[in-house]
Student: 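Could you have a look at this structure, given as structure tokens, before my questions?
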Amino acid sequence: MTDVQIPAARPANPRFSSGPCAKPPVFSLDALSDAPLGRSHRAAVGKSKLQQAIEETRDILQVPADYRIGIVPGSDTGAFEMAMWSLLGARPSETLAWESFGKGWVTDAVKQLKLADNTVREADYGDIVDLTAVDWNKDVCFTWNGTTSGVRVPNGDAIPANREGLTLCDATSAAFAQDLPWEKLDVTTFSWQKVMGGEAAHGMIILSPRAVERLESYTPAWPLPKIFRLTKGGKLIDGIFKGETINTPSMLCVEDYLQALAWGRSVGGLKGLQDRANKNAQVVWDFVEANDWIENLATDPAIRSNTSVCLKFTDPAVAGDADFAKAVGKKLEAEGVAHDVGSYRDAPAGLRIWCGSTVETSDVQALMPWIDWAYHAVLTERQSA
């Protein structure tokens with residue numbers, strides 16, 4: 001082992017958390033001065049801001065005109081569970097899991113909703129299930145991007161256009177940074193706090209015409225709490241998709257999201273946002289390729305996430321050692337060069353570096369030598385102990 005010097009350059013922004021994520025580079029509290037604070041969200045000014053957030057989301061994500069977009073409580077979790085509770089049970093279903101959040105949807109389906117005819121398909125961290133083996137004539141629940149495992153669905157090719165079932169897609173760390181084939185997705189959910197660096201607690205739900213048809217023709221056997229109800233009297237509550245939220249939203253958070261959307265347009269819209277994430281992830285992948293002691297958790301390049309990049313240490317002396325991985329993360333934190341880069345608590349030991357669109361590529365580049373330094377520093381400390 002050679003002595004590694006402390007790197008000279010530091011990331012200008014050390015925020016590499018996978019949620020809430022880094023704010024857009026132009027973020028300023030002054031930009032939120034137009035937020036209608038102390039005003040009813042049901043007043044004209046409040047509904048106007050909420051409707052603007054919906055329409056600008058549609059524009060940047062290129063959501064079809066006949067799809068409904070709503071702002072709902074509970075972040076992505078609330079949005080996805082709203083969909084599960086409202087839509088599942090009408091026909092057989094499958095729940096797919098390849099990381100902790102997908103496993104949470106499995107728990108909801110099996111232990112909470114207790115669906116009578118539900119198939120569970122699971123894959124280890126760093127992999128996804130065989131999508132060609134899924135019965136898409138059933139209702140299928142899955143995450144597009146595995147935030148805690150560094151994997152993503154490569155495309156929608158495995159999903160038939162003429163499927164009979166609905167697809168319920170948790171796209172919270174994919175939306176804005178990855179291609180989402182809307183014609184293959186019936187329910188799509190995400191939160192503001194991921195790729196756009198927004199604030200927590202608000203979720204987005206996007207419904208295809210097929211999903212709306214199911215909502216208006218099917219009544220679940222279980223009771224629905226008020227914040228899950230999308231229909232009334234057998235009809236879609238249209239106001240939810242026009243800025244009339246189910247419960248009170250934070251207008252400060254709405255203003256923050258609007259500013260993030262404006263920044264997204266300024267960097268080239270959807271393609272510009274995707275390009276930024278791709279460049280960030282490539283920096284990490286190149287670093288991994290150049291060092292034989294670290295690897296991507298996702299070994300197949302086709303399914304590697306460009307947002308939540310998960311890494312594992314492969315040196316036989318420390319491979320799978322959670323204490324070692326935590327020590328590396330703590331050293332980076334102590335130096336003020338990378339916050340919150342430890343792997344998720346349920347995931348294999350390693351690092352997780354958020355490379356989403358709000359992160360500057362120069363910061364990712366500056367971080368890589370620090371990871372090299374921290375790894376060797378902790379290794380030396382162990383050998384000297």
Side-chain angles (χ1 to χ4, degrees), residues 1-29 150 177 195 197 263 266-267 272-273 275-298 301 304-319 321-344 349-385:
M1 185 196 73
T2 58
D3 185 34
V4 178
Q5 298 297 316
I6 291 181
R10 292 171 175 267
N13 185 352
R15 294 171 179 83
F16 297 98
S17 166
S18 290
C21 302
K23 309 295 288 183
V26 298
F27 173 76
S28 166
L29 288 173
V195 177
W263 168 79
S266 76
V267 298
L273 292 166
D275 286 346
R276 287 176 63 91
N278 289 338
K279 289 177 181 177
N280 291 340
Q282 191 63 54
V283 171
V284 183
W285 297 336
D286 290 345
F287 172 78
V288 169
E289 186 67 26
N291 292 278
D292 60 5
W293 44 266
I294 195 167
E295 287 183 0
N296 287 282
L297 186 58
R304 284 180 190 158
S305 169
N306 66 340
T307 56
S308 53
V309 179
C310 297
L311 308 174
K312 60 183 178 181
F313 296 109
T314 54
D315 181 341
V318 298
D321 188 328
D323 290 337
F324 179 86
K326 288 179 181 177
V328 172
K330 286 181 179 179
K331 195 166 284 290
L332 294 168
E333 179 96 29
E335 288 291 335
V337 295
H339 301 316
D340 314 316
V341 293
S343 58
Y344 191 73
L351 301 176
R352 181 172 58 151
I353 302 167
W354 182 256
C355 291
S357 309
T358 57
V359 175
E360 297 279 43
T361 302
S362 57
D363 286 333
V364 185
Q365 292 168 333
L367 174 61
M368 295 302 102
W370 283 97
I371 293 177
D372 183 68
W373 169 81
Y375 164 76
H376 285 101
V378 174
L379 204 59
T380 299
E381 290 170 2
R382 281 203 165 193
Q383 293 171 343
S384 301

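No hydrogens, no waters, no symmetry mates; every other heavy atom, side chains included, goes into these values.
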Student: With Phe16, which residues qualify under ring-ring contact (aromatic ring centres under 6.0 Å, His included), at least two apart?
Tutor: none

Student: Output all residues satisfying side-chain contact (heavy atoms from CB on, under 4.5 Å) with Thr358, sequence neighbours left out; order by chain, then residue number.
Tutor: Ala22, Pro24, Trp263

Student: Strictly by salt bridge (Lys or Arg N to Asp or Glu O under 4.0 Å), give each pair with a member in residues 9-28 just once, sequence neighbours left out.
Tutor: Arg10-Glu335, Lys23-Glu199, Lys23-Asp256

Student: Suppose we screen for side chain to side chain donor-acceptor pair (under 3.5 Å). Which residues come up paired with Asp363, at least two apart in sequence or across chains?
Tutor: none

Student: Suppose we screen for side-chain contact (heavy atoms from CB on, under 4.5 Å). Which residues come up paired with Thr314, at least two apart in sequence or across chains?
Tutor: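 Scan of Thr314 (side-chain contact (heavy atoms from CB on, under 4.5 Å), adjacent residues dropped) gives Glu295, Lys312.
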
Student: Residues two or more places apart in sequence or in another chain: which of them pass salt bridge (Lys or Arg N to Asp or Glu O under 4.0 Å) with Asp315?
Tutor: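 Partners of Asp315 under the salt bridge (Lys or Arg N to Asp or Glu O under 4.0 Å) test: none.
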
Student: Can you name the side-chain contact (heavy atoms from CB on, under 4.5 Å) partners of Gln282, sequence neighbours left out?
Tutor: Trp285, Asp286

Student: I'd like to check the side chain to side chain donor-acceptor pair (under 3.5 Å) partners of Glu381; sequence neighbours left out, ordered by chain and number.
Tutor: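 For Glu381 the side chain to side chain donor-acceptor pair (under 3.5 Å) partners, ignoring immediate neighbours, are Lys331.
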
Student: Check each of Val26, Leu273, Asp275 against Val267 using the side-chain contact (heavy atoms from CB on, under 4.5 Å) test, and report the only one that passes.
Tutor: Leu273

Student: List in chain and number order the residues that pass salt bridge (Lys or Arg N to Asp or Glu O under 4.0 Å) with Arg352, two or more places apart in sequence or in another chain; answer none if no residue qualifies.
Tutor: none

Student: Would you please name every residue forming a side chain to side chain donor-acceptor pair (under 3.5 Å) with Arg304, sequence neighbours left out?
Tutor: none

Student: For Asp340, which residues count as a side-chain contact (heavy atoms from CB on, under 4.5 Å) partner, sequence neighbours excluded?
Tutor: Ser17, Glu333

Student: Could you check whether any side-chain N or O of Asn280 sits under 3.5 Å from a backbone N or O of Gly356, counting only pairs where one atom can act as donor and the other as acceptor?
Tutor: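 Yes; judged by distance alone, with no hydrogens or angles, the pair exists.
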
Student: Excluding sequence neighbours, so at least two apart, what forms salt bridge (Lys or Arg N to Asp or Glu O under 4.0 Å) with Glu289?
Tutor: none

